[in-house]
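When reading the values below, keep in mind they use all heavy atoms of this one structure, side chains included, and skip hydrogens, waters and symmetry mates. In what follows, every chain begins at residue 1, and chains take the letters A, B, ... in the order their sequences are listed.
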Amino acid sequence: MINIKSKKSLYSKVIAKKVYLLILMISFLILIVGYSITLGAANISLIDSYGIIIQEITSLNIVDYSPVLKGIILEIRLPRVLLAVIAGISLGSSGSVMQSVLRNPLASPYTLGISSGSAFGAGIAIVLGDFIFGRELMAIYGSYVIIIGAFFMGLVTIFLVNLIASIKEGGATTLILAGVALSYLFSAGISFLKYTSAQEKLAELSIWLMGGLYRAEWINVIILTPIMLFCLLYLIKLSWDINTLNAGEDVAMNLGIDVRSLRRKGCVVTALLTSCVISFTGIIGFIGLVAPHICRMIIGNDNRFLIIASGLLGAIILLLADTAARLIINPTELPVGIITAICGAPFFLYMLIKRKKNYF
Amino acid sequence: MSINCQELSYAYDQKPIIEKISFELKDGQFTSITGPNGIGKSTLIKCLANIYKPDNGTVYLNGQEIASMNAQELAKTLGYVPQKEETNFSLTVYEMVLLGRRPYIKWKVKISDEKIVEKILERLKILHLAEREVSTLSGGEKQKVAIARALAQEPSIILLDEPTSSLDINHQIEVMEVLRDLVDFDQVAVVAVLHDLNLASSFSDIVYLLGEEGIHAAGRPEKVFTPQILKKVYGINVEIIKGTNSSYIVPLRSKVSRISPSQISV
């Protein structure tokens with residue numbers, strides 16, 4: 001048989017569609033990143049905004065912008081927008097990996113209690129840091145101590161949730177209920193910290209707990225970017241193994257996958273990623289739940305694409321929500337957590353009502 | 001290619017499910033494992049498929065201990081088809097069958113992988129379903145997808161856990177014929193847990209009948225499925241009727257006096 005022009009294979013057709021979708025999402029993200037920098041309480045035109053950025057990068061000095069304008073663009077808006085992108089990517093892709101490795105559609109950093117666990121850990125670090133490490137050390141390494149506190153408690157949480165679920169063998173529902181119970185416990189812990197801490201620490205803790213991206217600084221972006229890149233690459237590397245879980249644990253084991261070790265790796269790395277983000281932004285709910293589910297609908301459940309897509313959509317949603325938070329009640333602003341909850345909670349309920357048989 | 005198990009035992013929650021089972025499976029044969037509910041058929045097949053680690057005893061593959069073998073190499077030899085496909089996040093048929101290539105794929109899917117998957121889909125007559133989601137398929141189609149995935153592993157032995165349990169009779173025959181073809185044309189050894197004694201009788205070369213005390217009888221179907229043996233293992237009377245392909249096992253209504261509700265006084 002002579003095949004002069006071999007027709008495109010089934011596989012490359014399917015892959016091409018997914019790659020186009022990813023490119024589309026990346027382009028859209030770049031577009032809104034570019035636009036949201038020009039929006040804000042201070043009225044700075046699009047041309048001026050980019051003029052400032054380009055001059056800063058190229059160190060040219062053609063137009064003389066006022067230091068205030070430069071400060072707003074370079075020190076306030078730019079780090080904030082970038083932090084939104086990093087936090088969105090981290091929460092979105094972590095959510096998708098948690099759902100896949102735990103085989104549970106309701107899993108996310110928020111619903112499993114990791115968010116409140118990390119918040120509690122960070123709270124302890126803020127309140128007790130000076131006491132343990134001394135004032136000078138905390139002034140320099142404070143952010144790292146907070147990250148470690150958040151990560152440690154995030155890890156403890158996911159370990160406890162898994163432990164409870166495995167004792168009870170209830171599967172999906174037990175896992176989520178254990179997460180809810182632990183969330184309450186950690187909230188109580190946070191209240192206790194607030195109640196007992198001194199006036200100045202109380203203020204610091206309260207501001208931190210409110211969550212949101214308004215405290216974004218370049219140092220956050222600089223610390224989080226390498227952590228995010230490392231975790232993301234590691235998770236993407238696991239994506240073939242995670243895919244086999246879609247056929248059930250027994251089949252995955254037969255295909256040569258060490259399921260328990262895969263689950264452990266997935267949980268530890270996502271807990272690391274989300275708690276690092278949470279230690280700078282406070283609790284931002286629902287991104288890790290909503291973004292993966294929308295992506296599962298549009299791009300499918302192949303984790304090689306799903307993890308990246310969930311991250312991109314998480315960034316898009318969080319950036320849109322944060323930009324809205326900045327603009328809605330101009331000149332002040334709303335904490336972004338309020339907006340993600342207002343949009344996310346109904347979505348969560350919709351999923352509960354629409355759930356398929358045997359879905360969870 | 002042969003599987004050899006010796007004194008295999010497995011307990012769940014300290015309750016022994018199978019105890020000291022020994023047997024040997026040979027190349028190019030269709031082997032059925034039958035027996036009453038809860039006797040440990042699925043457990044046995046999962047021990048063979050390297051899913052459960054037996055508490056005692058060893059499984060040898062070509063004389064080599066399974067537990068000591070590289071998991072990926074083992075996945076290229078032993079394929080497993082579960083009783084029910086459990087998917088929370090549904091893949092398409094193509095993606096699902098491609099998973100069977102996992103032991104061969106590092107990251108990139110090669111042209112040869114694509115060719116193998118397409119060939120298997122065509123052979124099982126499910127190529128037209130390639131882009132459908134597995135969760136939307138009928139029971140028979142799902143079962144064929146699972147078999148296709150196991151075939152994509154290019155195994156020399158396929159282990160199946162009740163492949164016909166949720167199918168109607170035409171799909172039962174279709175699936176069994178696919179399996180029989182694998183034995184006859186591809187020299188793949190098929191080992192299937194089967195509930196339906198008549199399917200076991202007409203398709204298999206060797207039957208293992210599990211009873212309370214382990215393997216109760218083993219051998220050619222007509223040797224194993226006799227009224228005496230079945231009475232002992234299942235506790236019912238049967239009639240064996242000579243048919244076109246094989247003998248048929250027909251359970252008889254029990255002669256023990258039945259109790260009508262009016263006889264019960266509380």
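Counting heavy-atom pairs closer than 4.5 Å to chain A, the top-ranked of the candidates B:Glu73, B:Gln72, B:Met96 is B:Met96. For the set A:Lys237, A:Glu249, A:Arg304, the entry with the most heavy-atom pairs within less than 4.5 Å of chain B is A:Arg304. Ranked by heavy-atom pairs under 4.5 Å with chain B, the list A:Leu10, A:Asp302, A:Ile15, A:Leu245 is led by A:Leu10. Contact count versus chain B (heavy atoms, under 4.5 Å) is highest, among A:Ser100, A:Ser239, A:Ser12, A:Ala247, for A:Ala247.
A distance of 12.0 Å separates OH of A:Tyr11 from NZ of B:Lys110, quoted to the nearest 0.5 Å. Rounded to the nearest 0.5 angstrom, A:Leu255 CG and B:Lys76 NZ are separated by 12.5 Å.
Contact annotation for B:Glu131: only side-chain heavy atoms (C-beta onward) come within less than 4.5 Å of a heavy atom of chain A. Within the 4.5 angstrom heavy-atom criterion, no atom of A:Asp258 approaches chain B. Of the atoms belonging to B:Leu99, heavy atoms from both backbone and side chain fall under 4.5 Å from chain A. B:Leu159 does not touch chain A: none of its heavy atoms, backbone or side chain, sits under 4.5 Å away. No part of A:Leu306 comes within reach of chain B, as not one of its non-hydrogen atoms sits under 4.5 angstrom from that chain.
Contact of the B:Lys46 side chain with the A:Asp250 side chain is registered, since non-hydrogen atoms from C-beta on lie closer than 4.5 Å. Looking only at side-chain heavy atoms (C-beta outward), A:Asn243 and B:Arg102 stay at 4.5 Å or farther from each other. Looking only at side-chain heavy atoms (C-beta outward), A:Ser9 and B:Lys115 stay at 4.5 Å or farther from each other. In this structure, the side chains of B:Tyr94 and A:Val14 stay at 4.5 Å or more apart for every pair of heavy atoms. Side-chain contact between B:Tyr80 and A:Met253 is absent, with no heavy atoms from C-beta onward closer than 4.5 Å.
With a 6.0 Å cutoff to the six-membered ring centre and a 45° limit on the axis angle, A:Arg296 counts as a cation-pi contact of B:Phe89.
No more than 12 heavy atoms of other residues, nucleotides or ligands lie within 6.0 Å of CZ in A:Phe230, so this atom counts as exposed by the packing criterion. By the 6.0 Å contact criterion, CD on B:Glu122 is open, its count of non-hydrogen atoms from other residues, nucleotides or ligands being 12 or less. Other residues, nucleotides and ligands place no more than 12 heavy atoms under 6.0 Å from the CZ atom of A:Phe159. With a 6.0 Å radius and a threshold of 12 heavy atoms from other residues, nucleotides or ligands, B:Lys53 has its NZ atom above the threshold.
Taking every heavy atom of both residues into account, A:Asn254 and B:Leu78 meet most closely at ND2-O, 3.2 Å.
Side-chain atoms of A:Asn301 come within 3.5 Å of backbone atoms of B:Ser90 as a donor-acceptor pair (strictly under, hydrogens ignored).
Checking B:Glu95 against A:Asn246 by side-chain atom types alone, no donor-acceptor pair falls below 3.5 Å.
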